Amino acid sequence: ESEETNKSVQDLIRSFLLALFGIFFLLILLFNSITQPFLVILTIPFGLIGVIIAFALHGQDLGFISMVGTVGLTGVVVNDSLVLVNHLNNKMKDRSPDTPIMKLIVDGSGDRFRPIMITSCSTVAGLLPLAYGLGGSDPFIAPMALAIGYGLLFSTPLTLFLLPALYLILIDIQHKLS
C-alpha cells in the first residue's frame, strides 16, 4: 500500500510538471512572448505558500487528495493572473504615447480587481464549508477543499498587488534592453 501511494504521488508530481509545461507553452502562444508567461507562472508559488500555511495551521499532513487539490488550485491561480496580464497587455496596446505607464497599470489592475476578487471569494466561500464539514463532512474531499480554499485566499491578494509590480518591472527591463 505504501509503494502504491508513493507511486501515485510520483505520478501526480510528473503530471503537475507536465501541466506546468503545457500551461507555459499555451501562454507563449497566447501572449506571443516568452517573458510574460513567466509572470503568470510566478503566481503559482503564491498559492502553494497558502496551502502549506493552511495545513500547518490545521495540523494536517499533505496527503494525496490535498495534492490533487493543489494541482487544481494551480489552474485557478493561473487563470486569475492570466486575466490580469491579458487586460494589462490590451491596455498597453491601446495607450496613447503621453499616458504614463504607471497610471495605465494602476488603472488596468483596478479594472480587474473586482472581477478577480468576486470569483475568488465565491470559490473560497463555496469550498471552506466543505473543508470544515459544515452541513456534513467528507474526510476524503475535505483536504482538497482546504488546499484550494486557503491557497486561493492567500494567492489572490498577492496576485492582485504583486503581479502588476512584476509587470512594471518586466516593462522596465525590456526598455533597458532595447
Side-chain angles (χ1 to χ4, degrees), residues 12 15-16 19-20 22-24 26-27 30-31 36-92 94 102-171:
L12 185 66
S15 298
F16 180 71
L20 281 178
I23 289 169
F24 183 74
L26 285 174
L27 291 173
L30 174 71
F31 292 132
Q36 285 189 340
F38 282 113
L39 288 178
V40 174
I41 297 292
L42 274 174
T43 59
I44 292 173
F46 300 161
L48 298 178
I49 292 168
V51 171
I52 292 168
I53 289 172
F55 278 83
L57 289 175
H58 289 86
Q60 292 187 11
D61 295 330
L62 281 170
F64 182 75
I65 299 297
S66 59
M67 290 175 140
V68 170
T70 304
V71 172
L73 169 69
T74 301
V76 178
V77 170
V78 164
N79 186 43
D80 285 351
S81 58
L82 171 69
V83 165
L84 185 57
V85 170
N86 191 43
H87 184 67
L88 292 175
N89 284 343
N90 290 337
K91 297 275 281 183
M92 289 293 283
D94 299 337
M102 178 69 86
K103 179 178 176 7
L104 187 110
I105 290 176
V106 168
D107 291 344
S109 300
D111 292 345
R112 291 292 138 219
F113 182 84
R114 186 172 179 213
I116 291 173
M117 282 300 291
I118 289 173
T119 56
S120 295
C121 288
S122 63
T123 304
V124 169
L127 287 172
L128 290 184
L130 178 64
Y132 289 114
L134 303 174
S137 66
D138 186 349
F140 295 108
I141 297 179
M144 182 170 50
L146 190 69
I148 297 172
Y150 274 92
L152 263 180
L153 199 62
F154 192 80
S155 69
T156 300
L158 286 175
T159 298
L160 287 170
F161 293 106
L162 289 180
L163 189 61
L166 293 171
Y167 189 88
L168 188 59
I169 290 170
L170 181 65
I171 290 173

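All figures in this text were calculated on a predicted structure; none of them were measured in a lab. Values below: all heavy atoms of this structure, side chains included; hydrogens, waters and symmetry mates excluded.
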Minimum heavy-atom distance between [X] and [Y], given as atom pair plus value:
X	Y	value
Leu130	Ala142	O-CB, 3.9 Å
Gly149	Leu128	CA-CD2, 4.2 Å
Tyr167	Asn89	OH-OD1, 2.6 Å
Ala125	Pro129	O-CD, 3.0 Å
Ser155	Val77	OG-CG2, 3.4 Å
Val51	Ala147	CG2-O, 3.3 Å

Between Thr156 (side chain) and Leu153 (backbone), is there a donor-acceptor pair under 3.5 Å? no
Under the 3.5 angstrom rule, does the side chain of Ser109 hit a backbone N or O of Val106 as a donor-acceptor pair? no
side-chain contact (heavy atoms from CB on, under 4.5 Å) partner of Leu163, chosen from Ile105, Leu168, Thr43, Leu158: Thr43
Can you tell me how far the [atom1] atom of [X] sits from the [atom2] atom of [Y], to the nearest 0.5 Å?
X	Y	atom1	atom2	value
Leu166	Phe38	CG	CZ	13.5 Å
Leu42	Leu162	CG	CG	10.5 Å
Ile44	Ile49	CD1	CD1	12.5 Å
Gln36	Leu27	CD	CG	10.0 Å
Phe154	Ile52	CZ	CD1	10.0 Å
Leu20	Ser15	CG	OG	11.0 Å

Is any side-chain heavy atom of [Y] closer than 4.5 Å to one of [X]?
X	Y	answer
Ile53	Tyr150	no
Ile116	Thr159	no
Pro164	Leu84	yes
Asp80	Leu152	yes
Thr123	Val76	no
Phe64	Pro143	no

Step-by-step side chain to side chain contact (heavy atoms under 4.5 Å, CB included) determination, Leu26 to Ile23: CA-CA 5 Å; Leu26 285 174; Ile23 289 169; 5.9 Å; no
Less than 6.0 Å separating the ring centroids of His58 and Tyr132? yes
Take Ile148 and Met144 through the test side chain to side chain contact (heavy atoms under 4.5 Å, CB included) and record every step on the way to the result. CA-CA 6 Å; Ile148 297 172; Met144 182 170 50; 4.1 Å; yes
